[in-house]
Structure formats: C-alpha cells, structure tokens
There are 2 protein chains.
Amino acid sequence: MIRGKDGSIIPKVVIERLPRYYRYFDWLEDQMEKVSSKKLGELMGSSASQVRLDLSYFGDFGQQGYGYNVTKLKKELARILGIDRQTNFIIVGAGNIGKALVRYDAFFDAGFTLKGIFDIKPSLIGKKINGVTVYHIDDVKSFIKKENIEIAIIAVPKQVANDVAKLLVEGGIKGILNFAPLDLDLPSDFPVENIHIIDKLLALSFIVRHREDE
Amino acid sequence: MIRGKDGSIIPKVVIERLPRYYRYFDWLEDQMEKVSSKKLGELMGSSASQVRLDLSYFGDFGQQGYGYNVTKLKKELARILGIDRQTNFIIVGAGNIGKALVRYDAFFDAGFTLKGIFDIKPSLIGKKINGVTVYHIDDVKSFIKKENIEIAIIAVPKQVANDVAKLLVEGGIKGILNFAPLDLDLPSDFPVENIHIIDKLLALSFIVRHREDE
DNA sequence: TAGATTGTTAATCGATTAACAATC
DNA sequence: TAGATTGTTAATCGATTAACAATC
C-alpha cells in the first residue's frame with residue numbers, strides 16, 4: 001500500500017501508468033514548453049480528468065490558465081520514478097532472454113545499473129557478457145548484500161524459477177521482474193512484476209481471430 | 001469488441017486472463033483429475049466467483065457437484081486460444097531482443113510458427129538465425145501476403161518503430177506485439193499488445209522504494 | 001437422497017469521468 | 001480583466017464479489 005501527497009492511497013493502476021507519463025514528457029520536451037491536461041490526454045488517448053487526477057497523487061505540478069511545464073514535469077517524474085538516482089540490479093539466467101537483456105542498453109537511461117549475471121552452467125562462470133561478469137548462482141545471496149542489489153530479473157527456465165526466487169528473497173532482494181512463464185510462489189505482498197511474452201501473444205491472437213468490425 | 005457464448009461482450013481484462021488459466025490447467029493436468037472454482041481460485045489468488053464468471057463467457061464447462069474436468073478444460077482453452085492450430089508470425093528487428101526472441105522456443109508450444117525475420121542491415125540479409133532466414137524490410141509487405149502472416153513482433157529502435165508499423169499494416173498484418181518503448185501510432189481499434197520492459201522495471205522500483213509495511 | 005458446486009443475477013467495490021470553485 | 005486550466009469532489013461506469021436457484 002503506497003500513499004501519495006496527502007496520505008491518500010495511490011491505486012496500483014496509477015503507479016503502473018507513471019512510466020508512460022514519463023515517456024510522453026520526455027518526448028514533449030523538444031516539442032513544446034507547456035502542455036494542458038486536455039492536450040496530454042488527447043496525445044495519450046486518455047481523458048484530461050485522468051491526467052490531472054493521476055498527477056495530483058504526487059504533487060501540485062500544474063498552474064491554472066497555463067497547464068504543466070514540460071521540463072519541470074519531466075524532472076519531477078524522473079525524481080518520483082528514481083530515474084535520477086542509481087538502482088543496482090542483477091540478471092539471473094544467461095540463456096537467450098538473459099543474454100539479450102544484458103546487452104539491452106535502455107536500462108542505463110532509466111537509472112538501472114547491471115552489477116552481475118548469475119547462472120549455473122560451469123562454462124559461463126567467470127566469463128563477461130557485454131562487460132558484466134557471470135557468477136555462479138550459489139554466490140547470489142552474498143552478492144546481493146555486498147553489492148547492495150535492489151532488484152533481480154529472473155530469466156531462467158520455469159522448472160527452476162521458484163528455487164531462484166527463494167534464493168533471491170533469502171538474500172534480501174527487494175523486488176523481482178519475472179520473465180519465466182509462471183507465477184512465482186512469493187509472499188502476497190512481495191513486489192513482483194511479470195513479463196509473460198507468450199500470454200501477451202496468445203491474448204493478441206485471440207483478439208485478432210475474434211474481433212468484429214465494430 | 002468481442003462477444004462470447006450468448007452474445008455478451010467479453011471484457012478485455014477477461015481475455016487477458018485466459019492464457020493464465022491455460023497455464024494453470026496445463027500445470028494441474030498431472031496433479032488432479034478435477035478442480036472446483038474454489039480450489040482454482042485459491043491456487044490463482046482470485047475468487048471462485050471470478051473463475052466461474054470468466055470461464056462462463058466461453059461456454060458451460062463445469063458440472064454441479066463435481067467442478068471442472070482438468071483435461072477437458074485444458075483442451076477447451078487450447079482451442080479457444082488457438083494453441084491447437086498454427087499461427088504464422090514474423091519478427092522485425094534482428095538486434096538483441098529480436099535475436100533472443102528468434103531463439104525463444106516457447107513460441108512453438110503455443111502454436112506460433114516463426115516464418116521470417118526482417119531487418120535493414122545488409123550484412124544480415126540472407127543469413128539464417130536458428131534456422132530462420134533474415135529478409136530485407138523492403139520485402140515485408142509481399143512476404144506477409146505470400147506467407148499468410150497474421151502477427152508481427154516489433155523489436156526495432158523506437159526511432160523507426162512507427163515506420164515499420166506502417167509497412168506491416170499496409171501489408172495486411174492482423175496484430176502487433178510491440179517491444180519498442182513507445183506507443184505505436186495505429187488506428188485505435190487495431191490489435192496491439194505492448195511489452196514495455198523499462199516501464200515495468202520503473203513501476204517495480206517505485207513500489208520497492210515506497211511500499212510501507214502494510 | 002444429501003452435499004457439492006455450477007452458472008447467473010444482484011450487490012458492492014473501485015476506477016474513470018464530469019462538474020465546478022479557485023485562481024493564474 | 002477575461003479566458004484558460006488546475007485540483008478536487010461528486011456522479012457514473014465497469015469490474016469484482018456475494019448470493020442463490022438449479023442440478024449433478
């Protein structure tokens with residue numbers, strides 16, 4: 001349960017929309033100096049009311065008769081989202097997805113620093129991928145503590161994903177981004193976000209096959 | 001707008017939950033013969049009411065006093081989701097994410113067949129990645145028609161993502177799974193699902209930093 | 001038959017949108 | 001000043017949960 005500005009509870013849907021607001025303000029930065037909730041709503045395909053209510057959970061950023069200053073709001077959102085500070089993370093699993101993520105350079109711009117990769121395959125341990133060392137999974141608990149790791153990305157086969165999650169939680173990890181195609185067995189209030197690629201693709205193909213011309 | 005069993009409109013949230021139901025029935029298959037909505041709700045962390053209402057959009061699959069037959073429901077969901085038939089798709093962009101997806105073997109089990117990869121880099125064209133040929137993006141429109149491609153995965157830099165989307169739609173693609181970190185400029189009713197990795201990670205780290213012990 | 005459990009309708013809850021006083 | 005637009009509260013909408021008759 002997360003509270004905003006004046007102690008009101010921020011709905012999870014609002015939090016999950018925040019990065020999208022940041023993307024729009026980032027894009028707006030070299031388009032215009034100010035933007036109204038009406039204009040932004042049109043751009044984002046949402047209502048002006050939603051824009052104002054969403055932003056109001058975090059502060060009073062606008063000005064009557066003017067709107068929101070784009071540069072200011074981008075800075076505010078960067079601060080709110082922690083983009084302006086460094087967040088240490090690790091990737092567990094150096095398979096296809098794991099390796100692609102190691103090379104994914106968008107993490108850096110969002111303030112995330114990849115401190116290590118973990119796997120179990122002997123031939124990989126000690127190697128570097130894109131300048132980041134691969135360690136043995138047995139060392140992950142001490143590494144989390146020593147290197148002050150906040151977040152872990154799980155990119156291992158589903159058969160071992162829960163074993164990995166258990167190790168991470170024991171090591172003191174604060175949040176997990178899970179790419180394994182299952183729901184991890186974690187305490188119900190533990191921060192976890194899932195990226196289920198096949199789920200998304202199945203929902204998409206269902207929609208494609210069933211949609212009527214509306 | 002998609003209609004179910006008796007012509008009632010199926011909410012999008014329900015459609016997006018379907019693959020998750022399939023995953024649970026797939027797992028249940030070698031655990032038990034039947035499952036009640038109560039039991040399944042406990043497993044999935046949802047209510048028995050939601051399980052029953054969700055499934056009821058697609059048919060009357062249960063039996064009073066018994067519950068749902070696991071094997072039967074898995075088959076029904078496979079049919080509903082189109083897992084039992086082949087869906088042709090392509091990947092556009094042979095960068096880090098694109099290459100990882102080419103090697104991702106979970107597509108096959110969900111009925112998806114990768115027919116081609118598209119890029120613009122001359123050194124890649126004609127090469128094979130994991131047995132699949134890389135073609136030039138200029139050929140994508142004719143390829144979609146000739147090879148009967150339904151879905152495209154966009155895994156290109158955000159600067160060119162909308163150009164790619166335009167080509168795909170002109171070529172007759174039916175749905176897009178977008179990995180580029182922006183919202184594509186498409187007709188509002190065009191089937192698209194987004195996987196915004198950085199958005200997920202930012203929301204997660206916000207939650208990690210702000211959650212109170214509730 | 002009695003107990004269990006469905007599918008569906010009604011009640012509740014939470015999120016979105018509309019309205020509007022405040023004010024730049 | 002007059003017009004524009006905010007932040008917030010009230011009204012509406014849609015999704016979830018509870019209740020229950022039907023029936024295996």
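Letters A, B, ... mirror the listed sequences (proteins, then strands); counts begin at 1. Atom set for the values below is all heavy atoms of this structure, side chains included, hydrogens, waters and symmetry mates excluded.
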Residue-phosphate contact under 4.0 Å: Q50(A) side-chain N/O, dT16(C) OP1/OP2: yes
Value in whole Å for how far the P atom of dT5(C) lies from CD of E42(B): 11 Å
Touch class at under 4.0 angstrom, heavy-atom based, for Y57(B) against every strand present: nothing
Spacing of D60(A) atom CG relative to dT5(D) atom P, expressed in whole Å: 18 Å
Presence of Y68(A) side-chain N/O under 4.0 Å of dA4(D) phosphate oxygens OP1/OP2: no
N/O (side chain, R17(B)) to phosphate O (OP1/OP2, dT16(D)) under 4.0 Å: yes
Who pairs with dT9(C) - Watson-Crick or G-U, where each distance is under 3.5 Å: dA18(D)
Spacing between E33(A) atom CD and dT5(D) atom C1', to the nearest angstrom: 15 Å
N or O in side chain of R52(A) less than 4.0 angstrom from dT6(D) OP1/OP2: yes
Distance below 4.0 Å between S47(A) side-chain N/O and dT17(C) OP1 or OP2: yes
NZ/NE/NH1/NH2 to OD/OE distance under 4.0 Å, E42(B) and K39(B): no
Atom pair distance, as rounded to whole Å: NZ in K38(B) and C1' in dA19(D): 16 Å
Whole angstrom value for the distance that separates P of dA22(C) from CD of Q63(A): 18 Å
Sugar-phosphate, base or nothing in reach of L53(B), heavy atoms under 4.0 Å: base
Spacing between D54(B) atom CG and dT16(D) atom P, to the nearest angstrom: 7 Å
F118(B)-F143(B) aromatic ring centre distance below 6.0 Å: yes
Below 4.0 Å: OP1/OP2 of dT6(D) and any side-chain N or O of S37(A): yes
Aromatic ring pairing Y104(B)/F107(B), orientation class (parallel under 30°, perpendicular over 60°, tilted between): perpendicular
5'-most by nearest nucleotide on DNA chain C - Q64(A) or S49(A): S49(A)
Short side-chain N/O contact to dT8(D) OP1/OP2 from K5(A), under 4.0 Å: yes
Nearest-angstrom distance from the residue atom NZ of K34(A) to P of dT5(D): 6 Å
Side chain to side chain, K34(A) and N69(A), heavy atoms closer than 4.5 Å: no
Any donor-acceptor N/O pair, K5(A) side chain to S56(A) backbone, under 3.5 Å: yes
For atom CZ of F58(B) and atom P of dT6(C), their distance in whole Å: 17 Å
Pairing partner of dT23(C) (Watson-Crick or G-U wobble, both distances under 3.5 Å): dA4(D)
